[in-house]
Amino acid sequence: MTEASPPSEAPGTRADEPAWRQADVDLDAVASNVRRLREITGTEHLIAVVKANGYGHGAVECARAALAGGADWLGVADVDEALALRGAGIEAPILAWLHDARADFGAAIAGRISIGVSTRRQLDAVTDAARSAAPSSGRVASVQLKLDTGLSRNGVPRGDWAAVFEAANAAELAGVLRVDGIFSHVSNASIADDEAAARVFDGGLELARDAGLAPSLVHLAATAAALWAPATRYNTVRVGIGIYGLSPFADRTSADIGLTPAMTLRARVAGVRRVPAGTGVSYGYTYRTEHATTLALVPLGYADGVPRQASNKGTVAINGGTFRVCGRIAMDQFVVDVGDHDVKVGDDVVLFGNAATGVPAADDWALAADTINYEIVTRIGHRVVRHYRGGTWS
Ligand SMILES: *Cc1c(COP(=O)(O)O)cnc(C)c1O
């Protein structure tokens with residue numbers, strides 16, 4: 001077992017006891033989810049997306065696990081995230097696709113980061129940075145052109161495709177950059193919408209080839225499209241949520257897809273009290289006890305990513321029972337009504353984990369907070385100690 005930061009346990013607690021607030025991350029699950037996704041998609045390449053600290057799970061640890069499971073590329077949003085992986089000693093190819101207008105592409109090129117390019121201006125900035133790199137470095141910038149095929153976020157707008165392809169080809173012929181990939185991202189509005197985006201993308205690929213480009217990676221699908229629309233797979237998929245074992249679909253669970261949720265969010269009960277009927281609980285007294293009951297205090301709040309919107313709705317597992325949050329979730333703590341169950345200070349509380357083990361899922365919290373499982377795991381805060389299990393390759 002390795003730890004990202006020192007445990008916040010009181011002196012004298014056993015080393016194998018969970019920290020007060022803890023996210024267990026099962027790295028073997030990440031590796032096996034990647035294997036499962038490779039099996040389903042059958043693509044030549046798989047880019048494991050570890051942006052935003054690996055969706056809250058830990059970018060470096062999950063990157064290593066994903067590579068061990070058969071990913072051959074990593075994907076992150078920005079160059080800083082990519083360089084942090086390099087700084088941790090990760091040598092695998094990395095793609096970064098979202099850039100500030102002042103992004104330092106020199107550092108990206110020096111770090112052998114493949115740069116996702118969404119505008120003519122970015123292409124020019126990469127070309128300039130590559131030209132001003134020391135010629136002795138012999139370094140050619142790796143570029144992947146991102147096309148907007150309907151999402152209306154970043155990505156080269158359709159009207160600019162031809163001009164960007166020509167400029168990229170000229171820079172490639174001049175030896176300053178190599179177009180290693182062409183990609184896009186889809187809406188997941190429906191299977192039909194994703195397939196329609198794939199047809200628009202096909203037009204872009206044809207135009208690119210006419211302009212002389214021969215990208216080795218062609219990718220459109222993130223997890224949802226990769227699973228539900230085989231026509232979007234091309235020779236590479238770019239998957240995030242699935243490698244963490246979570247489903248991108250509201251109507252299919254992790255188990256339905258054969259994935260194992262990697263994160264278990266847990267804490268230790270910080271307080272227990274017996275209260276009479278009619279007792280108000282937490283800010284605003286949005287909950288009052290109906291009977292004499294036992295209240296258990298959980299030391300996690302919205303500062304730790306537990307959504308306040310799930311007040312009076314979210315559920316937790318304690319000692320084999322499932323109990324609902326009662327009253328408002330505060331910044332640092334919330335209360336659960338455990339009735340007459342035997343719950344003691346220090347008992348393990350699981351907010352979510354692998355539902356197959358009888359605990360709530362991140363999906364349950366997403367439903368309670370009117371959001372998606374992506375947001376539930378990604379927002380887990382800095383006070384929560386990450387404990388890593390598995391990962392014997394590291
Ligand atoms: C976040 C992201 C992904 C991963 O999406 P998932 O739904 O988590 O698989 C892929 N591509 C791009 C461009 C992204 O921003």
Side-chain angles (χ1 to χ4, degrees), residues 30 33-34 36-38 40-41 43 45-57 59 62-63 65-66 69 71-82 85 93-99 113-119 122 143-156 181-191 193-194 197-198 201 204 217-230 232-250 252 254 257-259 261-263 362-363 366 371-379:
V30 173
N33 291 329
V34 171
R36 171 78 184 135
L37 291 161
R38 287 220 86 145
I40 295 172
T41 64
T43 50
H45 305 284
L46 184 145
I47 302 175
V49 179
V50 295
K51 63 190 178 185
N53 193 30
Y55 292 37
H57 295 66
C62 291
D72 58 339
W73 275 75
L74 300 170
V76 289
D78 64 48
V79 169
D80 287 345
E81 292 178 311
L85 295 173
I94 307 174
L95 168 65
W97 54 73
L98 187 63
H99 316 293
I113 308 305
S114 190
I115 303 165
V117 162
S118 285
T119 63
Q122 283 173 359
V143 160
Q144 301 198 34
L145 300 175
K146 186 173 189 195
L147 311 185
D148 183 357
T149 54
L151 200 54
S152 309
R153 304 198 319 192
N154 66 347
V156 181
I182 295 191
F183 71 115
S184 183
H185 194 43
V186 294
S187 69
N188 309 139
S190 67
I191 295 175
D193 280 293
D194 287 354
F201 188 56
L217 273 73
V218 177
H219 44 114
L220 181 65
T223 306
L227 292 173
W228 78 4
T232 65
R233 288 174 191 160
Y234 297 90
N235 75 346
T236 306
V237 291
R238 208 174 49 245
V239 293
I241 200 73
I243 74 171
Y244 307 102
L246 299 178
S247 167
F249 305 117
R252 287 164 77 187
S254 301
I257 309 170
L259 299 173
M263 184 190 286
D363 312 68
T371 184
I372 53 176
N373 52 17
Y374 292 70
E375 190 176 0
I376 297 298
V377 291
T378 303
R379 293 182 70 150

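Every number for a ligand or one of its atoms is a count from 1 in the order of the listing.
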Item to check | For atom 8 (O) of ligand 1, the protein heavy atom that lies nearest, with its residue and separation | outcome: Tyr55 OH, 2.5 Å
Next on the checklist: Whether the side chain of Gln144 engages the backbone of Val117 through a donor-acceptor N/O pair (distance < 3.5 Å, no angle test) should be reported.
Outcome noted: no
Checklist entry - Would you say Ile241 has any N or O atom under 3.5 Å from an N or O of ligand 1, going by distance alone? => result yes
Checklist entry - Any N/O of Val239 closer than 3.5 Å to an N/O of ligand 1? => result no
Next on the checklist: Under a 3.5 Å cutoff, is there a donor and acceptor pairing between the side chains of Arg233 and His219?
Outcome noted: no
Checklist entry - So which protein heavy atom does atom 3 (C) of ligand 1 come closest to, and at what separation? => result Lys51 NZ, 3.8 Å
Item to check | Distance, nearest 0.5 Å, that separates CG of Leu147 from OG of Ser118 | outcome: 8.5 Å
Next on the checklist: Nearest 0.5 angstrom please: Leu85 CG to Lys51 NZ, how far?
Outcome noted: 13.5 Å
Checklist entry - Is the shortest distance from a heavy atom of Phe183 to ligand 1 less than 4.0 Å? => result no
Checklist entry - For atom 5 (O) of ligand 1, what is the nearest protein heavy atom, given as residue, atom name and distance? => result Ala222 CB, 3.4 Å
Checklist outcome for this item: Within 4.0 Å of some non-hydrogen atom of Lys146, the atoms of ligand 1 are 13 (C)
Item to check | ligand 1 versus His219: contacting region, heavy-atom distance under 4.0 Å | outcome: neither
Checklist outcome for this item: CG (Asn154) and CG (Leu98) are apart, to the nearest 0.5 Å, by 5.5 Å
Next on the checklist: Give me the nearest non-hydrogen protein atom to atom 7 (O) of ligand 1 as residue plus atom name, then the distance to 0.1 Å.
Outcome noted: Tyr374 OH, 2.6 Å
Checklist entry - Do the side chain of Glu375 and the main chain of Thr371 share a donor and acceptor less than 3.5 angstrom apart? => result no
Checklist entry - Identify the closest protein heavy atom to atom 9 (O) of ligand 1: which residue and atom is it, and at what distance? => result Thr223 OG1, 2.5 Å
Checklist entry - Is the backbone N or O of Arg252 less than 3.5 Å from a side-chain atom of Ser247, with the two atoms forming a donor-acceptor pair by type? => result yes
Checklist entry - Is the ring centre of Phe183 less than 6.0 Å from the ring centre of Phe201? => result no
Checklist entry - Any idea which part of Arg238 is under 4.0 Å from ligand 1, heavy-atom wise: side chain, backbone, both or neither? => result both
